[in-house]
Amino acid sequence: MDAAINIMKTRKRKASAPEAPFPELSEEIIIKILVRLPVKSILRCRSVCKAWLATISDPTFTGAHLRHSAARWEQDPTFIITPITYDRLIPGNTQPTSFSNHISFYQWQQSSASNGAAARFLHAKDFAGEFNRQCHSAHCDGLVLAPTDTKLYLFNPATRESITLPDSERNNLRYPAKACHCAGFGLDPRTGKYKVVQAFYRCISAGFLSDVYLMGMEVFTVGGTGVWTEMMSRLPYPVLRWQTGLHVKGFMYCRLTLRSTDVLHDRELCLTACTDDKNKTVTIWTMPVDDDGGQGQWERRYSVRFQNICHPMALAGSRLLLWRGSVLYGHDLAGTSESELTTVCKLDRIRYQGRRKRKWNNLWTFNVNPYTESLVRLTAAAGEPSESRRAALLLHGEELLRMLGD
């Protein structure tokens, strides 16, 4: 009896004893942890407390997270995949009559090729009846421009934000006879603003052998005035009507001919051409671009044994990754000068998160871009902060920079 009473008293003392306080992490450690998390986890962390919400919403934190994402990409390249499906294809025609208005994004990592991991679903949106054809997309700092034959759309697939760009008075995409489908997207390092540019026809005159095109260029600033602004009265040369411009270090490059051009590592232009039809050899030239837009000379960099032109996508260790259609290929840089390509991934065969079937119905092709997820907002300029709020954000940003110790 006495033993039972003693046990009860002991339990009572244990129950009433205060628990040891949970050790608190310093703000510096919290920030260094948060900046390394994927976007999906960071968005959930905004609900923890007001302090975390203020930290995550700060533009300085957004920039720091983007730099960490870019560093991870260098170690393990990541791609964003958009399947293009069609609604109707008349037998005997080479092109579908209309394409699906459903735009979806999946994230796939190069390391997934070895373990068979599924491409992770990011975002999807339906634009019922708004367009008939999709063009090749463009990516910059986690934002994706999706051009179509009637509209231009801008996405942040990681945060699931999207906007439809306003129609241009100079370039009416709904009037096929005079529409120019040459658009590009990138960051202006001078202002820190993301911009969409597109060419337009000033005049189309009938020439002796062919029509004469006088072209201009206009720009739309994300988070700006919300209107297109003319930036160049006249282009020195007419550009191809259907293309997506290439962005390198704040400069936009558009093709004048059908030559295949790409961007490698955000700092080099690539030109790809078949140079030996008999031996099925494809040659890739590269040209570095300086910070001020200065260009070097074209240098023959790679030769691969392949029968068709591929798009250089990334350098992963000693392997060059290339893309064509529904396949990602690898070129071993340590091999012979003209080694054959190996298949890294068949995009129509891998698993996609949220899909039970691997086979796509009415699949036409894929849009593929190197991808770095980010917290960059499409509506960052909506609602300017007050003077006191702006001062508080500036002070908080300076504190974040000190803690992150870039």
*Might you work through the side-chain hydrogen bond (donor to acceptor under 3.5 Å, both in side chains) test for Gln353 and Arg120, ending with a clear yes or no?*
CA-CA 5 Å; Gln353 184 183 22; Arg120 184 167 68 89; 5.5 Å; no
*Are Ser137 and Asn369 close enough, and set up right, to give a side-chain hydrogen bond (donor to acceptor under 3.5 Å, both in side chains), and what steps lead you there?*
CA-CA 8 Å; Ser137 56; Asn369 280 290; 2.7 Å; yes
*Could you walk me through whether Phe185 and Leu152 pass the side-chain contact (heavy atoms from CB on, under 4.5 Å) check?*
CA-CA 11 Å; Phe185 172 69; Leu152 297 174; over 6 Å; no
*Verify side-chain hydrogen bond (donor to acceptor under 3.5 Å, both in side chains) between Thr275 and Thr283, making sure each step is shown before the conclusion.*
CA-CA 6 Å; Thr275 52; Thr283 302; 2.7 Å; yes
*Apply side-chain contact (heavy atoms from CB on, under 4.5 Å) to Tyr194 and Val376, showing your working.*
CA-CA 10 Å; Tyr194 294 91; Val376 176; 3.6 Å; yes
*Could you check Tyr329 against Cys310 for side-chain contact (heavy atoms from CB on, under 4.5 Å), going step by step and ending with a plain yes or no?*
CA-CA 9 Å; Tyr329 297 97; Cys310 291; 4.1 Å; yes
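Considering only heavy atoms from C-beta on, Asp149 stays 4.5 Å or farther from Leu173 through its side chain. With contacts defined as side-chain heavy-atom distances shorter than 4.5 Å, the pair Trp298/Thr286 does not qualify. In this structure, Cys345 and Ile350 have side chains that are in contact, with non-hydrogen atoms separated by less than 4.5 Å. Under the 4.5 Å side-chain criterion, counting only non-hydrogen atoms from C-beta, Leu34 is in contact with Phe61. By the 4.5 Å heavy-atom criterion applied to side chains, Phe366 and Trp360 are counted as neighbours. Arg267 has its side chain out of reach of Val289: every pair of non-hydrogen atoms, C-beta onward, lies at least 4.5 Å apart. Side-chain contact check for Tyr86 versus Thr365: every heavy-atom pair is 4.5 Å or farther apart. Side chains of Thr261 and Leu269 form no contact here, defined as non-hydrogen atoms less than 4.5 Å apart.
Under the 3.5 Å distance criterion, with hydrogens and angles disregarded, no donor-acceptor pair is assigned to the side chains of Thr229 and Glu218. In this model, a donor atom of one side chain and an acceptor atom of the other lie less than 3.5 Å apart for Asn367 and His136. Side chains of Glu130 and Tyr153: a donor on one and an acceptor on the other come within 3.5 Å. No side-chain N or O of Ser374 forms a donor-acceptor pair with one of Asp141 less than 3.5 Å apart. A donor and an acceptor atom, one from each side chain of Lys193 and Thr221, are nowhere located under 3.5 Å apart. Under 3.5 Å, the side chains of Ser41 and Arg44 contain no donor-acceptor pair of N or O atoms. Using modelled atom types, one finds no donor on one side chain facing an acceptor on the other under 3.5 Å when comparing Glu161 with Asn156.
Across all their heavy atoms, Cys45 and Leu37 have their closest contact at SG-CD1, 4.1 Å. Pairing each heavy atom of Glu373 with each of Ala158, the nearest pair is CB-CB, 4.1 Å.
A side chain to side chain contact (heavy atoms under 4.5 Å, CB included) with Ile33 holds for exactly one of Ile29, Ile30, Val35; it is Ile29.
Under a 3.5 Å cut-off, the side chain of Trp323 and the backbone N or O of Gly325 do form a donor-acceptor pair. A donor-acceptor pair under 3.5 Å is absent between the side-chain atoms of Glu74 and the main chain of Ala71, judged by distance alone. A distance-only check finds no donor-acceptor pair linking the side chain of His102 to the backbone of Ala124 [under 3.5 Å]. Within the 3.5 Å criterion, the main-chain N or O of Ile81 finds no donor-acceptor partner in the side chain of Trp108. In this structure, Arg36 contributes its side chain and Lys32 its backbone to a donor-acceptor pair below 3.5 Å. Within the 3.5 Å criterion, the main-chain N or O of Thr85 finds no donor-acceptor partner in the side chain of Asn362. Put simply, the side chain of Ser318 never gets that close to the backbone of Leu333: no donor and acceptor are under 3.5 Å apart. For the pair Thr78 (side chain) and Trp73 (backbone), a donor-acceptor distance under 3.5 Å is absent. Counting only distance, with no hydrogens or angles, the side chain of Arg255 and the backbone of Ser260 share no donor-acceptor pair below 3.5 Å.
Ring-plane geometry between Phe127 and Phe131 is classed as tilted, the angle between the planes lying from 30 to 60 degrees on a 0 to 90 degree scale. Below 30°, between 30° and 60°, or above 60°: for Tyr352 and Tyr106 the angle between ring planes is above 60°, a perpendicular geometry.
Residues Arg301 and Glu268 are paired through a salt bridge, judged by an N-O separation under 4.0 Å between the basic side chain and the carboxylate. The residues Asp188 and Lys195 are annotated as salt-bridged, a charged nitrogen and a carboxylate oxygen being separated by less than 4.0 angstrom. By the 4.0 Å N-to-carboxylate-O rule, Lys151 lies close enough to Asp167 to be salt-bridged with it.
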